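Throughout, a chain's letter reflects where its sequence line sits, starting with A, and its residues are numbered from 1. All values below were derived from every heavy atom in this structure, side-chain atoms included, with hydrogens, water molecules and symmetry-related copies excluded. This is a predicted model, so every value here is computed, not measured.
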Amino acid sequence: MTGKAKYLQAIYDQEGEHQLEAVTVKDLHAQKGNYLNKKIQINGWVRTVRSSKTFGFIELNDGTFFSNLQVVYDEKLTNFQEISKLITGSSINVAGELVESPGAKQPFELKAERIEVEGLSAPDYPLQKKRHTFEYLRTIAHLRPRTNTFSAVFRVRSVAAYAIHKFFQENDFVYVQTPIITGSDAEGAGDMFRVTTLDFDRTRRDEKKAVDFTKDFFGKETNLTVSGQLEAESYCLAFKKVYTFGPTFRAENSNTPRHAAEFWMVEPEIAFAGLKEDMHLAEEMLKFIISYVLEHCPEEIQFFNNFVDKLLLERLGNLVKSEFAQITYNEAIEILKKSGEQFEYPVEWGLDLQTEHERYITEKHFGKPVFVTDYPKEFKAFYMRLNDDGRTVAAMDLLVPGVGEIIGGSQREERLDYLKKRLGELGLNREDYWWYLDLRKYGGAPHAGFGLGFERLLMYLTGMANIRDVISFPRTPKNAEF
RNA sequence: UCCGAGGUAGCUCAAUGAUGGAGCAACCGGCUGUUAACCGGUAGGUUGUAGGUUCGAAUCCUACUCGGGGAGCCA
């Protein structure tokens, strides 16, 4: 028994005369020669039935491959009437011979000798064989993976996740799982989801009506993580090259197609390295992931190119070949000022770049991914390394057409005195960061890292315009159904 | 959170102050190679909720609610 086959359920036919192991549609396409003109068995779900008086066709999808398998059946089946009335969504088991198809739309088809109904669907099955809007499909998130689009999205998601691990593992990075429950407010930025076991109705409060968290589960205030970065830095300064890949939570009341309250983030961190190495890593990583997906999900990417975004293949192909652009914040301001564009928000040194500015730079001016570096320290986080000019930090954002900011990173401030000073300037409590400061005290080294929004990468990879359509069960403000 | 546009049959949409329709899905029937199959028929509605204007409201007004777009925050 092969390693793969042992996971497949062996199913016997009704008479128990011979045993056929269920094969997958993926195998049929991969090794057509092994199966053609032979008896096979397939499990799957009915996408549609086209029935005539004495014969009919079933589009069967078994979840392993993008395309359906066409099943041909006729009145020789003992349950012909039942099969002709099968409702979309029903699960069946089909045994028969795989033959070349006379139809133009598929290379082969299954001539059914026996069809067993595993689970009937119902007349009110919400998925039809016509196009549905993504908005409607979000209301049936438990059924949408059965559609072409979401089948493609989540296969790409799985392959992309694998590609991320493959890239880092093959480049000697150590995969670190940082905590999801955290006692530190990582960046002092953004609202966090509180984690507590306190009973709201019987919570002890002190004279100032403040909640007494010493009575809580952890004996202190805890939240869901907004970033694994600080913890990743700790492991970076032990393993030299590390990465995290896990869920992240932000309680911001963001209502946009690019934000979710729960999303996945990839956060590499490299020691004895600066911003240049950081950008190089980001570019190599993105190119690897995209190449890997292009190679391993050709049907899915072609589907997106046909039905979601006509320029997808061209854009992804170009990205893999081209060099990312790289400009400083200063240069970005110059470009915007000289652009002649009428922007709604002013362009001035010391003001942050607005979405419209970022879009102009990456979509119109360069037409490809752009690193923007060295922002004024005022609108960046405390841990970013201060540049020699004393007013900018070694930060970088990667902007890509269509999605916007996909990566945010920086060289970290490794100089203990600078870091302490910065904490003070921002009114952050030094004691809260004692262990983070220790990393600088005990053999600190220059290091850098970035955060990649996994869902934003998927949007870029698939052309899907809304983050809610690249997460299985999206969590957004006022929405945690399923 | 702010700004502007929406919610009509299971789905996608018509109907702009006067008897709420179509396509698809469902259900019944027909059809010997279909492929978003095709042909005929049946059923399906308190027009998001509440209130108001009017002789009369899906249509005009107000509030709420839901989904989405733009902005802010960011990945």
- To the nearest Å, give me how far apart OH (A:Y125) and P (B:C24) are. 21 Å

- Can you figure out which of B:G33, B:C74, B:G69 approaches the side chain of A:E405 most closely? B:C74

- Item | Between B:G45 and B:G10 - C1' atom distance, rounded Å | 12 Å

- Message: Categorize A:T248 for me: base, sugar-phosphate, or nothing, with a 4.0 angstrom heavy-atom threshold over every strand shown.
- Response: nothing

- Looking at A:R359, does any N or O in its side chain come under 4.0 Å of the phosphate oxygens OP1/OP2 on B:G70? no

- Message: Using atom P in both nucleotides, what's the gap between B:G20 and B:U46 to the nearest angstrom?
- Response: 13 Å

- Here the distance between atom P of B:A71 and atom CG of A:L353, to the nearest Å, is 15 Å

- Please give, in whole Å, the distance from B:C73 C1' to A:K380 NZ? 12 Å

- Message: Just to be sure I understand the rule, does A:Q354 reach a base, reach only the sugar-phosphate, or reach nothing, if contact means heavy atoms closer than 4.0 Å?
- Response: sugar-phosphate

- N/O donor-acceptor pair, side chain A:E109 with base B:G33, under 3.5 angstrom: yes

- Message: Would you say A:D374 and A:N330 are linked by a side-chain donor-acceptor pair, where the criterion is simply a distance under 3.5 Å?
- Response: no

- A:E455 pairs by salt bridge (charged side-chain N to carboxylate O under 4.0 Å, His left out) with which of A:R258, A:R475, A:R157? A:R157

- Complementary nucleotide of B:G17, counting Watson-Crick and G-U pairs under 3.5 Å: none

- Message: Over all strands shown, is A:I407 touching base, sugar-phosphate only, or nothing at heavy-atom distances under 4.0 angstrom?
- Response: sugar-phosphate

- Message: Can you identify which nucleotide, out of B:G33, B:A75, B:A36, has its nearest atom closest to the A:K105 side chain?
- Response: B:A36

- A:I58 and its side-chain contact (heavy atoms from CB on, under 4.5 Å) partner, picked from A:L69, A:V72, A:V46: A:V46

- Message: Counting the atoms with a prime plus P, OP1 and OP2 as sugar-phosphate, which does A:E59 contact under 4.0 Å by heavy atoms, base, sugar-phosphate, or nothing?
- Response: base

- Query: Once you round it to whole Å, what is the distance between P of B:C11 and CD of A:E135?
  - Reply: 13 Å

- Do the side chain of A:H132 and the base of B:C11 come within less than 3.5 angstrom through a donor-acceptor pair of N or O atoms? no

- Please determine if A:K287 and A:E284 form a salt bridge, counting it only when a charged side-chain N lies under 4.0 Å from a carboxylate O. no

- Message: Check this for me, if you would: do A:K111 and A:E97 make a salt bridge, where the nitrogen-to-carboxylate-oxygen distance has to be below 4.0 angstrom?
- Response: no

- Does the ring centre of A:Y73 sit less than 6.0 Å away from the ring centre of A:F80? yes

- Query: Side-chain N or O of A:T355 less than 4.0 angstrom from OP1 or OP2 on B:G72?
  - Reply: yes

- Which nucleotide, B:G10, B:G69, B:G33, lies nearest any side-chain atom of A:Y136? B:G10

- Expressed in whole Å, how much space separates the P atoms belonging to B:C64 and B:G70? 24 Å

- Could you work out the separation of B:C74 and B:U8 based on their C1' atoms and round it to a whole Å? 38 Å

- Item | Nucleotide nearest A:P257 (side chain, heavy atoms from C-beta), chosen from B:G69, B:C73, B:U34 | B:G69

- Task: Please determine, for the side chain of A:S101, which listed nucleotide (B:G33, B:A36, B:G69) has the closest atom?
- Result: B:G33

- What's the CD-P distance between A:E481 and B:C66, to the nearest Å? 13 Å

- Message: Give me the distance, rounded to whole Å, that separates B:G33 from B:C39 when you measure between the P atoms they each carry.
- Response: 15 Å

- Query: Given the P atoms of B:G21 and B:G44, what is the spacing between them in whole Å?
  - Reply: 13 Å

- Message: Taking any heavy-atom pair under 4.0 Å as a contact, classify A:T88: base, sugar-phosphate, or nothing.
- Response: nothing

- Message: I'd like to know if A:N255 reaches the base of B:U1 with its side chain, counting only an N/O donor and acceptor under 3.5 Å.
- Response: yes

- Item | Watson-Crick or G-U counterpart of B:G56, or none if no pair lies under 3.5 Å | none

- What nucleotide among B:A71, B:G67, B:G33 has an atom nearest to a side-chain atom of A:V72? B:G33

- Message: What's the gap between B:A58 and B:G6 when it is taken at their C1' atoms, as a whole Å value?
- Response: 14 Å

- Message: Rounding to an integer number of angstrom, what distance separates B:G40 and B:A25 when you compare their P atoms?
- Response: 13 Å

- Task: Answer yes or no: does a side-chain N or O of A:K85 lie under 4.0 Å from OP1 or OP2 of B:G29?
- Result: yes

- Query: With distance as the sole criterion, do the side chain of A:R456 and the base of B:C74 form a donor-acceptor contact below 3.5 Å?
  - Reply: yes

- Query: Within less than 4.0 Å of OP1 or OP2 of B:C24, is there a side-chain N or O belonging to A:K130?
  - Reply: no

- Message: Looking at A:E252 and B:U1, is any side-chain donor or acceptor paired with a base atom of the opposite kind under 3.5 Å?
- Response: no

- For the side chain of A:P123, starting at C-beta, report the closest nucleotide among B:G33, B:C74, B:C27. B:C27

- Message: I'd like to know whether the aromatic ring centres of A:F343 and A:H357 sit less than 6.0 Å apart in this structure.
- Response: yes

- Using the six-membered ring for Trp and the full ring for Phe, Tyr or His, decide whether A:F263 stacks on the six-membered base ring of B:A75 (centres under 5.5 Å, planes under 30°). yes

- Task: Starting at atom CZ of A:R50, determine the distance to atom P of B:A25, rounded to an integer number of angstrom.
- Result: 12 Å

- Query: Between A:I467 (CD1) and B:G70 (P), how many Å, whole number?
  - Reply: 13 Å

- Message: Mind checking if A:D124 touches a base, just sugar-phosphate, or nothing, with heavy atoms under 4.0 Å?
- Response: nothing

- Checking all strands, does A:G103 fall into the base, sugar-phosphate, or nothing category for heavy-atom contacts under 4.0 angstrom? base

- Message: Just to be sure I understand the rule, does A:L127 reach a base, reach only the sugar-phosphate, or reach nothing, if contact means heavy atoms closer than 4.0 Å?
- Response: nothing

- What nucleic acid atoms does A:Y345 come within less than 4.0 Å of, heavy atoms only: base, sugar-phosphate, or nothing? sugar-phosphate

- Message: Are A:Y460 and A:R315 packed together at the side-chain level, in the sense that at least one heavy-atom pair is separated by less than 4.5 angstrom?
- Response: yes

- Task: Starting at atom CZ of A:F249, determine the distance to atom C1' of B:A75, rounded to an integer number of angstrom.
- Result: 14 Å

- Item | Base B:G10 paired with A:Q128 side chain (donor-acceptor, <3.5 Å) | yes

- Identify whether any heavy atom of A:R131 sits under 4.0 Å from a base atom; if not, whether one sits that close to sugar-phosphate; answer base, sugar-phosphate or nothing. base

- Task: Mark yes or no for a side-chain to base donor-acceptor pair under 3.5 Å between A:S254 and B:C74, with no hydrogen or angle criteria applied.
- Result: no

- Ignoring hydrogens and geometry, is there a side-chain-to-backbone donor-acceptor pair from A:S90 to A:S121 under 3.5 Å? yes

- Which nucleotide in the list B:G72, B:C11, B:U34 gets nearest to the side chain of A:F57? B:U34

- Query: When all nucleic acid strands are considered with a 4.0 Å heavy-atom cut-off, which category describes A:R47: base, sugar-phosphate, or nothing?
  - Reply: nothing

- Report which part of the nucleic acid A:E356 touches: base, sugar-phosphate, or nothing (heavy-atom distance under 4.0 Å, all strands). nothing

- Task: Step through it carefully: locate the ring centre of A:Y243, locate the ring centre of A:F167, and say whether they are under 6.0 Å apart.
- Result: no

